[in-house]
Amino acid sequence: MVPKLTFAFVTVLATFSSVDALWPLPTSLSTGSTALRLTPQFDIQVDVKGAPSDLYEAVARTKTYLWTDKLERLVVGRGSEDATAISNAKYLSSLTISLADSAEVRSISEEAVDELESRDDSYTLSIPETGSDAVLKANSTLGLFRGLTTFSQLFYYYNGEVYTLEAPIQITDKPAYPYRGFMLDTSRNYFPVSDLERTLDAMSWVKINNFHWHVVDSQSFPLQIPGFTDLAEKGAYSASSIYSPSDVAHIISYAAARGIDVIVEIDTPGHTAIISEAHPEYVACAGSTPWASSANEPPAGQLRFTEPVVVNFTADLFTAVSKMFPSKFVSTGGDELNVNCYDQDSVTQGTLNKTGQTLEQALDSFTQATHGALAKAGKTPVVWEEMVLDHNVTLSNDTVVMVWISSENVAAVAQKGFKVVHSASDYFYLDCGAGGWVGSYPAGNSWCDPFKTWQRSYTFDPTANLTADESKLILGGQHLLWTEQSGPENLDPVVWPRAASSAELFWTGPALTNVTTALPRLHDVAFRMRQRGVNAISLQPLWCALRPGVCDLTA
Amino acid sequence: MVSFTSLLVLVVAVFPVRVQCLWPQPTSITSGTTALNLSPRFYIQPDVYPPPADLLAAITQTELYLRTDSMQRLVLGRGAYDMSAVQSAKTLSSLVLSLEPGATVESISTEAVKALGTRSEGYTLTVPADGSTATLKANSTLGLYRGLTTFSQMWYEYNGQIYTVSAPYDIVDSPAYPFRGFMLDTARNYFPVSDIYRTLDAMSWVKINTFHWHITDSQSFPLIVSQYPELAQYGAYSSADVYTPTDIQNIVSYAAARGIDVLLEIDTPGHTASIADSHPEYVACNQATPWSTFANEPPAGQLRFTDPAVRNFTASLLSSIAKTLPSTVFSTGGDELNINCYTYDNQTQAELNSTGLTLEESLSVFTQATHGALIAEGKTPVVWEEMVLDHNVTLSNDTIVMVWISSADAALVADKGFRFVQAPSDYFYLDCGGGGWVGDYPAGNSWCDPFKTWQRAYTYDPLANLTTTQIPLVLGGEQLLWTEQSSPTNLDPIVWPRAAASAEVFWTATTLGGGALNVTEALPRLHDIRYRMVQRGVNAIVLQPLWCALRPDACDLNA
């Protein structure tokens, strides 16, 4: 029994010296060691003239979290050792939020979908230890939203009291990179809208600001697009496994109110076998076998981009999709094009013979048509790295490139002068390590073994091998979940809290991140996620979570 | 669209000869291609006198699954193309259960906890295609329970109609191995009783008959032992994270009513740091650092087995727990003993000096004391392989050994003549592949990489490298979940449907023709049981895109 007391004492000391509560860590933070508790009547005052309704909604959600999180401190005793400090603590009765004098009052939802590099996520938050009002200020309602997110992570619960031990708290915060994302594939397996909402909530808690939605692929086409409804009608897994235009509008507004832009990806010209259900004549090698000759995974099938009718169809499709999504970004995909599929396709070969074009030239024409349609709709195209590194395709200078095959390819993309979003499979793929999934293959392992731990992604260097000028091309990065082996049943534990590691890396910046001090905070955000209904996985035995540092490699 | 139609024809043509619905596959089965509907007034009649209450409860549960599974067939159209056959199909209105002449009527719960090798799990099930009464017969209520489980997997639902397209069925079934288990560690992270109930349900659906409960370890001691309440009082994660004596009895009866025996493990003398929270004097190298010098994972801490007080305490602890449990088996653990911990422990060294015993001799004395206490309670001891392979410990001949470090060790255990359970980490560990979990180690990977897929587990040969005379020593096997990186939030998807793979390996063992089990044949059936689990509220993970699940073989490696 003696060891137990000693332990609690050590832990309390350790916790006072670091801030276990915040994720991502603010770029500038100072804290004290005074206890402060919320009054039962605690309120958030909105001192913003003509404040938008989504700001009021964010305030209401914040107040709810403060009282319903009921997160006990991750220390031995779970806060029982804080009881005396709490009972002597001053009360905080109010947080006042306001915009800088010069700021134009716009909604969070508008600001969240602004041009990526023009968004202002910054805020300052001040919580005196005296019990006088806490103050949150920003240049934008988006910044206020980020500050509210921070505020809601500061408090713990013990025996009916909501408190912090770290007043006074002074925070000046803004992200290191403008792009902090999460990608979800809803084609290999379908996810109901409620799963997307819950995921967007969790994303917002760690200040992720882009939902990269890989909505369709060769396996299914769940997106209902006005004017192209036959694609989902024939290509969705079922009549209920679809995203209707009103679902999409709902998801967009749900995301935007949480500071998140929705970047839709219609992967082309590969990964399109399912389009053949509605338009068999548009797709080469649809369902051809052996699939391994024509695709990286079953089923094979790629758009016949040599055909003018397919070029027009795809360009029109992007025009229609652009109308559904307010984001400035739309991704045309462009990964894993299988040349053999076209070599064996008589329609493609016949057209190439007739036009005298090479396959690459035809791909260039196709891409210019689809990207041209996007440009006309005011969108900036996003592509996977192969469009820059493997193909001779003319792209506009502002095209954003996602590097996925290997982090080693980032420098090559940057050397071509394109803006980059880090999405490297060797750091950020959440599906790796779960074994092979194709059938009749007992020896099959995950192609991107091993599993990417949070520590692995957290220690990624965003500017490795880049010159100072090339480093400026890095927009940020994201974790990605491909869903051959995921569905609603394991969505939360496979994503959370791992995807929070890139959120902090690209918000706080690599200069301020440290894997050893991060772990207690990552436990903290994972436990808070669970309290809020997201089934984040356990990173360690609870024994370790309650004893920071004690389960480290050399502890 | 042409391709769409032709695919359908193909699918319909293939399915009737390949019954997709049963897991584990019965050891003998014939089925037909006739559609048969289940009557809305369908009922199950027990021709068993007097019918035990748990048999009646199992019947009620089966009738409920039949009505609520709402499981659509995993084919394109999900059953839409079965409707014309269904419209002209006969209707089944009842299933009659009976015991073979001369069988003694005992409850499922009584049968489920009998000694391994003495339980009767076989049954015969006949479902005629003409709508006449289906019959289920067995030598025991436990066998009837297995047959009910099979029956409940036969049915699909489309548009309100519950039906099969594979009547008639004739099944004669019994398990190849007596031990088919699943192990859960509730010490690294705690699982509420409701999670254990749900897991027991899923286990019963695939005819797993042993819940190996690794209930305590160095991280926490959630078991409230009436005679030693201080262990959980100080060693549990919190006063809510405990299993009370009532919880234990409820879990044991919940399991038994589902044909499952509970094999409790109190791991000793290693993996016991949490005992130091209440009895610091009993534990050597408690929380010593660096932990890697004294233990395979933090925190370090092992029972001072050289100390007579510790020996008496442990024997008394095990016997006080064992006497509350109906099972005939009980595990004392015995894995990963760290010698260094004792080498640096003054008290241990002093006791060895004064007694003149070696550490190994002292370990044997300790083990004989703990096993003696269990044997006195009528229990058969179960140990991890090190107790046989790494230590000079005298064990009774009927001790059951669990092979975990490597499948290659099975033959070594067999050479020593012990009965054993196949639990090798290189096939059956469900936690492998989740990355490293110790802190401050970005390059850390899972010690037992890679992830063990269901296909890997399914292709395990339980008899590899064994002589013919050693074959009877193989009691069966189990998949295991160690929970450093698992908790209630991911329990279902990390366990299911993977743990069903060994359930079939040790029930079915070979194909109907006597050949090795075949992953290609199995995958559609595993999809089926996975989707049925989801329908019944277990969050089993998807194995493939739905596109593949609806098209058997289309996503095979060489398809």
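Just so it is clear: chains get the letters A, B, ... in the order the sequence lines come, proteins before strands, and each one is counted from 1.
Listed options B:Ala187, B:Ser220, B:Pro299 were ranked by heavy-atom pairs under 4.5 angstrom with chain A; first place goes to B:Pro299. Here B:Gly433 is the residue among B:Gly433, B:Ala549, B:Ala554 with the most heavy-atom pairs under 4.5 Å with chain A. The greatest number of non-hydrogen atom pairs below 4.5 Å with chain B, out of A:Tyr190, A:Tyr237, A:Trp454, is found for A:Tyr237. With chain A as the partner, the residue from B:Cys548, B:Pro442, B:Pro493, B:Pro298 showing the most heavy-atom pairs under 4.5 Å is B:Pro442. Heavy-atom pairs under 4.5 Å with chain A peak, among B:Asn558, B:Thr289, B:Ile541, at B:Ile541. Taking chain A as the reference chain and counting heavy-atom pairs below 4.5 Å, the highest number among B:Ser292, B:Cys432, B:Gly439 is found for B:Gly439. With respect to chain A, the highest number of heavy-atom pairs below 4.5 Å among B:Thr453, B:Asn189, B:Asn445, B:Val519 belongs to B:Asn189. Among A:Pro442, A:Pro493, A:Gly487, A:Ala443, the residue making the largest number of heavy-atom pairs under 4.5 Å with chain B is A:Pro442. Heavy-atom pairs under 4.5 Å with chain B peak, among A:Ser293, A:Ala434, A:Ser238, at A:Ala434.
Contacts between B:Ala443 and chain A at a heavy-atom distance below 4.5 Å are absent for every atom of the residue. Looking at B:Thr459, the atoms closer than 4.5 Å to chain A (heavy atoms on both sides) all sit in the side chain, from C-beta outward. If you measure heavy-atom distances from A:Arg530 to chain B, the contacts under 4.5 Å come from the side chain alone. Residue B:Arg530 touches chain A through its side chain alone, counting heavy-atom pairs closer than 4.5 Å. For chain B, the nearby part of A:Ala536 is the backbone; its heavy atoms alone come within less than 4.5 Å. Contacts between B:Val538 and chain A at a heavy-atom distance below 4.5 Å are absent for every atom of the residue.
Of the inter-residue distances, the one linking B:Leu523 atom CG with A:Tyr441 atom OH reads 15.5 Å to the nearest 0.5 angstrom. Between atom CG of residue A:Asn189 and atom CG of residue B:Leu543 there is a gap of 10.0 Å, rounded to the nearest 0.5 Å. Note that the OG1 atom of A:Thr554 and the OH atom of B:Tyr441 stand 11.0 Å from one another [nearest 0.5 Å]. Distance check, rounded to the nearest 0.5 Å: CG of A:Asn535 to CG of B:Leu491 gives 11.0 Å. The CH2 atom of B:Trp437 sits 5.0 Å away from atom SG of A:Cys551, with the distance rounded to the nearest 0.5 Å. Here CH2 of A:Trp543 is found 10.5 Å from CD of B:Glu297. Values are rounded to the nearest 0.5 Å.
Considering all non-hydrogen atoms of both residues, B:Gln455 and A:Ser440 come closest at OE1-N, 3.2 Å. Shown here for B:Thr489 and A:Ser538, the closest heavy-atom pair between the two residues is OG1-N, 4.3 Å. Considering all non-hydrogen atoms of both residues, A:Glu489 and B:Val534 come closest at OE2-CG1, 3.7 Å. A:Pro541 and B:Tyr237 make their closest contact through CB-OH, 3.8 Å (heavy atoms, listed as atom of the first residue, atom of the second, distance).
B:Leu546 places none of its side-chain heavy atoms less than 4.5 Å from the side chain of A:Gln219.
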